[in-house]
Amino acid sequence: MKNKVLVFLGLCLAFSSLRAQVEGGRYVYEFLDFSPSARATALGGRLPSVRDKDLSLAFLNPAALNKENHNSISLQQNAHISGITHGTVAYAYHIAPKKLSLMGSLEHVSYGEFEGYDEIGQATGSFSASEMALGVGASYQATDKLSFGVHLKGIFSRYEAYSSRGWSSNLGMIYQDSSKRFSMGLVLKNIGQQLKKYHAEQADYALPFDMQFGISQQLKYLPLRISIVAHHLDRWDIRYDDPALVQENSLLGTEETENNDFGEGVDNFFRHLNFNLEFLLGPSLRLRLGYDHWRQREMSIQNLRSLAGFSAGIGFKLYKFQFDYGLANYHLAGTVHHFGISTRLQDF
């Protein structure tokens, strides 16, 4: 098992080195970082360490695909901020003798209608913008506790008359010890590149690569699972360069940056972490809470209280369907509402 893990980590490092350097923090196909399901939204948007009957978890870590997802279908719809709509569809099939689980997926985002104008302000009519990713995924159950997965996607993007194509992949592994109610997962998300640019003069932008590691522990005497997820492990400083921190020295007429190395280091450390709780109330009811410190720090307004970074949701089973709802606070100006429904076709 150790050899398999070492080979997987070697492949992860090799693939991650293919991504281009990013100038000014700009990316293409940033919709790949949208939360793929209502459950994920309620738990803060990241959960690479859990593997159960929920097929939508395979978007977060392809190693989460398993035999319990056999002949399952998942439909998720996200009412995002500013009229943006985002949704995912997935179907899974398990091949028992090969310990192999397969998945087909579709992810789509629409940014709505826009009014176009030329360089002198003349109206050119309305136009739309949308992006889509078609994918196939596979997970291999190497041992009773260890699984590996990959999710490959073809990306198609169109803004007005400009179009682009690219590819992306997620690589993941999950270790799950059911007897101890413990699991951990590692995933490298959005490894890939843009194959066709929007126009010839466009600069080379990278995909929003993210290396995540998570641990989950279900308590022995309480129906509660606690998860901690570390994200963007490929770089240390993920803070926004806030110009508000630059103050003018009226005496010398110079600009100085507020500096607190210890405080900034602690704040940056916690920006890498997501915390979430999932209450497992019986076989069919789930209550969920999440907190993303990065979102809270980036999206809060100074001197105004907000719930930015906090998320919550509920999941319940009715008849043969699993229903999920997630709510995430991004900013005082907007909140995300996410709905999901899934079922196993063989139950019918």
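FYI, side chains are in, hydrogens and waters are out, and symmetry mates aren't considered; it's all heavy atoms of this structure.
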Geometric cation-pi criterion, Arg295 with Tyr330: 6.0 Å, 45°: yes
Test item: His272 side-chain N/O and Trp236 main-chain N/O as donor-acceptor pair under 3.5 Å: yes
Asn329 CG to Thr335 OG1 distance, which is reported to the nearest 0.5 Å: 4.5 Å
Arg288 and Asp324: CA distance, side-chain angles, deciding distance, salt bridge (charged side-chain N to carboxylate O under 4.0 Å, His left out) verdict: CA-CA 10 Å; Arg288 297 156 181 151; Asp324 294 287; 2.7 Å; yes
Donor-acceptor contact present, side-chain Thr343 to main-chain Phe321, <3.5 Å: no
No-hydrogen, no-angle side-chain donor-acceptor test under 3.5 Å, Asn274 and His293: no
Co-members of the apolar cluster containing Leu60 [side chain, <4.5 Å]: Leu43, Leu47, Val50, Leu57
Side-chain heavy-atom pair Gln77, His338 within 4.5 angstrom cut-off: no
Distance-minimising heavy-atom pair for Ser227 and Ser216: OG-OG, 2.6 Å
Donor-acceptor under 3.5 Å (Asn69 side chain, Asn66 main chain): yes
Please tabulate, one pair per line, all N/O donor-acceptor pairs under 3.5 Å involving side-chain atoms of residues 85-99, not counting sequence neighbours.
{"from": "His86", "atom 1": "NE2", "to": "Glu107", "atom 2": "OE2", "distance (Å)": "2.9"}
{"from": "Thr88", "atom 1": "OG1", "to": "Pro36", "atom 2": "O", "distance (Å)": "2.9"}
{"from": "Tyr91", "atom 1": "OH", "to": "Asn71", "atom 2": "OD1", "distance (Å)": "2.5"}
{"from": "His94", "atom 1": "ND1", "to": "Leu100", "atom 2": "O", "distance (Å)": "3.3"}
{"from": "His94", "atom 1": "ND1", "to": "Ser101", "atom 2": "OG", "distance (Å)": "2.8"}

Test: Arg271 and Glu298 ion pair at under 4.0 Å: yes
Whether Lys197 side chain and Gln202 backbone form a donor-acceptor pair below 3.5 Å: yes
Least distance between heavy atoms, Ser163 atom then Lys196 atom: O-NZ, 3.0 Å
Within residues 50-59 or reaching into it, pairs that qualify as side-chain hydrogen bond (donor to acceptor under 3.5 Å, both in side chains) - sequence neighbours excluded: Ser37-Ser56, Arg39-Asp52, Arg39-Asp54, Arg51-Ser147, Arg51-Gln176, Asp54-Ser56
Salt bridge (charged side-chain N to carboxylate O under 4.0 Å, His left out) assessment of Arg344 paired with Glu68: CA-CA 9 Å; Arg344 296 205 312 170; Glu68 291 189 289; over 6 Å; no
Asp118 (side chain) donor-acceptor with Gly121 (main chain) under 3.5 angstrom: yes
His232 ring center within less than 6.0 Å of Phe209 ring center: no
Fellow cluster residues of Met299, listed by chain then number, with links counted only when side-chain atoms sit under 4.5 Å apart: none
Test item: Thr143 side-chain N/O and Lys145 main-chain N/O as donor-acceptor pair under 3.5 Å: yes
Any donor-acceptor N/O pair, Ser169 side chain to Ile191 backbone, under 3.5 Å: yes
Geometric class of the His337/Tyr325 ring pair [parallel <30°, tilted 30-60°, perpendicular >60°]: parallel
Aromatic ring proximity, centroids under 6.0 angstrom, Tyr291 and Phe310: yes
Ring geometry between Tyr159 and Tyr198 (parallel below 30°, tilted from 30 to 60°, perpendicular above 60°): parallel
Shared hydrophobic cluster for Val229 and Leu219 (ILVMFWY, side-chain gaps under 4.5 Å): no
Co-members of the apolar cluster containing Met103 [side chain, <4.5 Å]: Leu55, Leu65
Nearest atoms (heavy-atom pairs only) where Phe323 meets Leu318: CE1-CB, 3.8 Å
Check: Thr124 side chain, Gly116 main-chain N or O, donor-acceptor pair, under 3.5 Å: yes
Smallest separation among heavy atoms of Gln76 and Gly340, with atom names: OE1-CA, 3.1 Å
Using distance only, find each side-chain donor-acceptor pair of residues 179-186 under 3.5 Å and give its atom names and separation, not counting sequence neighbours.
{"from": "Ser179", "atom 1": "OG", "to": "Asp177", "atom 2": "OD1", "distance (Å)": "2.6"}
{"from": "Ser183", "atom 1": "OG", "to": "Ser49", "atom 2": "O", "distance (Å)": "2.5"}

Full working for salt bridge (charged side-chain N to carboxylate O under 4.0 Å, His left out) between Arg46 and Asp292: CA-CA 9 Å; Arg46 302 179 180 91; Asp292 182 349; 3.3 Å; yes
Geometric class of the Tyr162/His199 ring pair [parallel <30°, tilted 30-60°, perpendicular >60°]: perpendicular
Least distance between heavy atoms, Asp33 atom then Pro208 atom: OD2-CB, 3.5 Å
Closest contact, heavy atoms only, Arg158 versus Glu160: NE-O, 3.4 Å
Sidechain-backbone polar pair: Trp294 side chain, Ile238 backbone, donor-acceptor under 3.5 Å: yes
